[in-house]
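Accompanying notes for the structure given below.
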Number of protein chains: 2
Amino acid sequence: MEAKILLQQHIAKTASLTEEEFNYFFSHFKPMSFKKGQTIIGAGDKVDCEYFVISGCLKAFFINDEIKMYILQFAMPTWWTSDYTALYNQTPATINVDCITDAEVLCLSNTDREKLCAGFHQIEHFFRWRTNKGYIASQKRLLSFMNNNVKTRYEELLILYPQLYNLVPKHLIAAYLGVSRETLSRLHNS
Amino acid sequence: MEAKILLQQHIAKTASLTEEEFNYFFSHFKPMSFKKGQTIIGAGDKVDCEYFVISGCLKAFFINDEIKMYILQFAMPTWWTSDYTALYNQTPATINVDCITDAEVLCLSNTDREKLCAGFHQIEHFFRWRTNKGYIASQKRLLSFMNNNVKTRYEELLILYPQLYNLVPKHLIAAYLGVSRETLSRLHNS
DNA sequence: ATCAGAATGTGATCTACATCACGTAACCAA
DNA sequence: TTGGTTACGTGATGTAGATCACATTCTGAT
């Protein structure tokens with residue numbers, strides 16, 4: 001099974017689990033399929049799970065005043081996503097997650113993650129490492145926001161995710177960069 | 001000893017260690033004192049440690065083109081700071097850390113942290129939780145950057161750290177907000 | 001094949017904030 | 001006390017990017 005192997009390879013980079021331990025770990029993940037445009041987490045929802053992407057592309061985004069959208073993350077295969085603030089604090093979602101393309105994900109509940117972390121030191125190690133990577137990436141993006149103009153951030157993005165340019169509409173790239181779609185469009189020519 | 005109790009209370013919120021375990025944990029921290037203005041990590045340095053603040057106030061910042069400074073974090077008592085990118089990837093520092101006031105810190109090496117995490121599940125749990133908190137805060141700040149104007153970000157900052165207003169010079173607050181000191185000054189009146 | 005609604009491009013104008021320039025006040029060290 | 005550095009305020013002007021407006025192309029559903 002494709003999904004199982006993808007997850008196994010993903011965690012093997014950081015944690016060593018026996019075949020048996022991994023099977024137990026994997027048994028807590030629920031496979032789910034979504035169509036392009038479907039909502040996985042909507043603002044106001046109770047958030048119980050985080051999602052490991054097997055195929056397709058998701059976006060995690062915030063909507064301001066029902067008007068402006070800011071994308072926090074594009075989630076591609078082997079990426080994790082959720083509204084972590086809502087998930088950890090057990091508060092209603094303020095972040096939305098939906099599907100840019102058809103997508104398959106593995107869903108892991110907060111309760112199960114904590115149970116697995118408590119039961120297996122190596123799993124706790126994996127999740128520490130994963131969150132650490134996310135923290136470092138988030139700091140880097142914050143710095144880029146403060147330090148760079150839109151053009152530079154755009155070029156950084158294309159280097160970081162070359163696939164994205166043809167995969168997602170430009171106005172979503174603009175929403176990730178925190179810029180209007182018009183300004184992004186004008187960057188092409190200049 | 002003040003520092004020991006502060007650290008003990010700090011980690012007790014998340015992890016349960018026996019007295020003996022905690023003593024062993026604590027034995028890996030090296031107490032250090034710094035004077036106002038002293039540099040703890042300078043750009044280009046090899047970074048071996050992270051720092052737990054006991055007293056005083058540090059800043060972690062990036063300098064662009066030897067001109068502009070952007071503050072990633074003010075570190076107050078019970079906060080942790082370092083250049084985590086450099087620390088985890090064993091690359092030269094790009095972030096500086098120095099002292100806004102006289103400060104006492106506890107220094108923990110990367111090697112010792114990893115040793116302690118590997119040896120004690122509860123310690124690994126603590127560091128996962130801590131990084132998770134940092135990640136959530138960093139995401140929140142990124143969103144605020146994209147979504148809010150300077151005035152709103154300034155008001156958020158004053159709510160988050162009320163002490164800061166009288167503790168640190170205004171141009172450092174401007175550097176945290178990613179705004180010129182002139183603009184920050186003008187916000188007072190409007 | 002057709003039509004409606006997205007997605008994209010592009011001009012004209014507006015605005016928040018940066019930058020430059022200068023003055024004054026506060027804080028030190030000799 | 002004095003002189004030098006740092007902090008802070010404030011006016012004048014410049015500019016990146018937002019917003020508004022409209023045209024064009026693409027796409028997907030019937």
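Predicted model only: the values in this text are computed from it and were never measured. Values below: every heavy atom of this structure, side chains too, minus hydrogens, waters and symmetry copies. Every chain is numbered from 1, with letters handed out A, B, ... down the list of sequences.
- Across the protein-nucleic acid pair, A:K170 atom NZ and C:dT8 atom P stand 5 Å apart, rounded to whole Å.
- Less than 6.0 angstrom separates the ring centroid of A:F74 from the ring centroid of A:Y176.
- In B:E20, the CD atom is not crowded: 12 or fewer heavy atoms of neighbouring residues, nucleotides or ligands sit closer than 6.0 Å.
- Using cut-offs of 30° and 60° on the angle between ring planes, the pair A:H188 and A:Y165 is perpendicular.
- OP1 or OP2 of D:dT19 has at least one side-chain nitrogen or oxygen of A:K68 nearer than 4.0 Å.
- One atom, OH of B:Y165, and another, P of D:dC8, lie 9 Å apart when rounded to the nearest Å.
- Between the CZ atom of A:F145 and the C1' atom of D:dA16 there is a distance of 14 Å, given to the nearest Å.
- Taking atom NE2 of B:H188 as the reference point, atom C1' of D:dG9 lies 11 Å away to the nearest angstrom.
- Of all nucleotides listed (C:dC17, D:dG17, C:dA7), D:dG17 comes nearest to the side chain of A:V179.
- Rounding to whole angstrom units, CD1 of residue A:I173 and P of C:dA7 are separated by 13 Å.
- The stretch residues 36-52 of chain B participates, sequence neighbours left out, in these salt bridge (Lys or Arg N to Asp or Glu O under 4.0 Å) pairs: B:K46-B:D48, B:E50-B:R113, B:E50-B:R130.
- Ring planes of B:Y88 and B:Y84: tilted class, angle from 30 to 60°.
- Nearest-nucleotide positions on DNA chain C place B:N149 closer to the 5' end than the other of B:N149 and B:K36.
- Judged by distance alone, with hydrogens and angles left aside, A:R186 brings no side-chain donor or acceptor close enough to the base of D:dG17 to form a pair under 3.5 Å.
- Atom CG in A:L187 sits about 10 Å away from atom C1' in D:dG17, given to the nearest Å.
- As judged by a 4.0 angstrom heavy-atom cut-off over every strand, A:G37 is placed among residues making no nucleic acid contact.
- Atom-to-atom, OH of A:Y70 to C1' of D:dA18 comes out at 10 Å; the value is rounded to the nearest Å.
- The phosphate of C:dC17 has neither OP1 nor OP2 within less than 4.0 Å of any side-chain N or O from B:S180.
- For the pair B:E182 CD and D:dG14 P, the computed distance is 16 Å after rounding to whole Å.
- Nearest nucleotide to the A:R181 side chain, out of C:dG9, C:dA7, D:dA7: C:dG9.
- A sub-4.0 Å separation between OP1 or OP2 of C:dG9 and a side-chain N or O of A:S185 is present.
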